[in-house]
Amino acid sequence: MNKIKARVEEIKIVDEFTFITFKSKDIELKMISLDITSTIEVAKMALISIKATQIGIAKDFIGKISCDNQIRASIESIKIGSLFSSINLLIGDLILESIITTQAILEMNLKVGDSVVTLIKAFDISLVEVLDV
């Protein structure tokens, strides 16, 4: 589980959905949720999480996609497994883990140092807690 400390930049409520934009250093992440606590406010710090299995990777990506969070990263390390593999992605000084199939790694010919785009849907980001910082 990837955990990121981030500042709440914007909150929009539409019907029962809450749209929140977070910023962690130079990284902006957008989240959509149905069950947001009323204690969250703009400018507060929060701890958010993203499951490693929810982070997709694109190499040589060109075009448009419906994924709200598309962040450039470089591959710091790869641990190859028989079915699934773990990739550590470096985004600024933040490291996120992505777990994808080993077959995908082979098909994309992913290597340490490659430049990739991380793909994270807004629904795949969770609010862990609002921090009193």
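Throughout, residue positions are numbered sequentially from 1 according to the sequence presented. What you see below is based on every heavy atom in this structure, not just the backbone, and it leaves out hydrogens, waters and symmetry mates.
Criterion: ILVMFWY side-chain heavy atoms under 4.5 Å apart, direct or through other members. Under it, Ile32 and Phe22 are not part of a common hydrophobic cluster. The hydrophobic clustering, which links ILVMFWY residues whose side-chain heavy atoms are closer than 4.5 Å, places Leu110 and Leu119 apart. When hydrophobic clusters are built by joining Ile, Leu, Val, Met, Phe, Trp and Tyr residues whose side-chain heavy atoms come closer than 4.5 Å, directly or via intermediates, Phe84 is not grouped with Ile87. Put simply, Ile120 and Leu94 are part of the same group of oily side chains (I, L, V, M, F, W, Y) that touch within less than 4.5 Å, one to the next. Hydrophobic clustering, with ILVMFWY side chains joined whenever heavy atoms are under 4.5 angstrom apart, keeps Leu34 apart from Met31.
Atom-to-atom distance recorded for Leu131:CG and Glu129:CD is 5.0 Å, nearest 0.5 angstrom. Rounding to the nearest 0.5 Å places CD of Glu97 at 3.5 Å from OG of Ser86. To the nearest 0.5 Å, atom CE of residue Met45 and atom CZ of residue Arg7 are 8.5 Å apart. Distance check: Lys51 NZ to Ile125 CD1 gives 13.5 Å after rounding to the nearest 0.5 Å. Here OG1 of Thr102 is found 10.5 Å from CD1 of Ile99. Values are rounded to the nearest 0.5 Å. Distance CG/Asn2 to CG/Leu96: 4.5 Å, rounded to 0.5 Å.
Screening Val128, Ile50, Leu47 for a side chain to side chain contact (heavy atoms under 4.5 Å, CB included) with Ile4, the sole residue that qualifies is Ile50.
Between Leu89 and Ile75, some side-chain heavy-atom pair lies under the 4.5 Å cut-off. Considering only heavy atoms from C-beta on, Ile20 stays 4.5 Å or farther from Leu29 through its side chain.
The closest donor-acceptor contact from the side chain of Asn69 to the backbone of Lys30 lies under 3.5 Å. A donor-acceptor contact shorter than 3.5 Å is absent between the side chain of Ser74 and the backbone of Ser115. Not one N or O on the side chain of Ser24 forms a donor-acceptor pair closer than 3.5 Å with the backbone of Ile27. A donor-acceptor contact shorter than 3.5 Å is absent between the side chain of Asn88 and the backbone of Glu76. With Ser49 contributing its side chain and Met1 its backbone, the two residues share no donor-acceptor pair below 3.5 Å.
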Steps toward side-chain contact (heavy atoms from CB on, under 4.5 Å) verdict (Leu127, Ile40) = CA-CA 10 Å; Leu127 177 65; Ile40 194 157; 3.9 Å; yes
Could you give me the CA-CA distance, side-chain angles and deciding distance for Thr21 and Glu28, then say whether side-chain contact (heavy atoms from CB on, under 4.5 Å) is met?
-> CA-CA 7 Å; Thr21 302; Glu28 185 176 276; 3.5 Å; yes
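With respect to Lys25 and Asp93, a salt bridge is recorded, a charged nitrogen being found less than 4.0 Å from a carboxylate O. Taking a cutoff of 4.0 Å between a charged side-chain nitrogen and a carboxylate oxygen, Lys59 and Asp114 qualify as a salt bridge.
Here the shortest heavy-atom pairing between Val42 and Glu9 reads CG1-O, 3.6 Å. Residues Gln54 and Asp124 share a closest heavy-atom pair of OE1-OD2, 3.0 Å. Between Ile105 and Ser85, the shortest heavy-atom distance links the atoms CD1-CB, 3.1 Å. Nearest heavy atoms, Val8 versus Glu41: CB-O, 3.4 Å.
For the residue pair Ser33 / Thr18, no side-chain donor-acceptor distance below 3.5 Å is found, with atom types taken as modelled.
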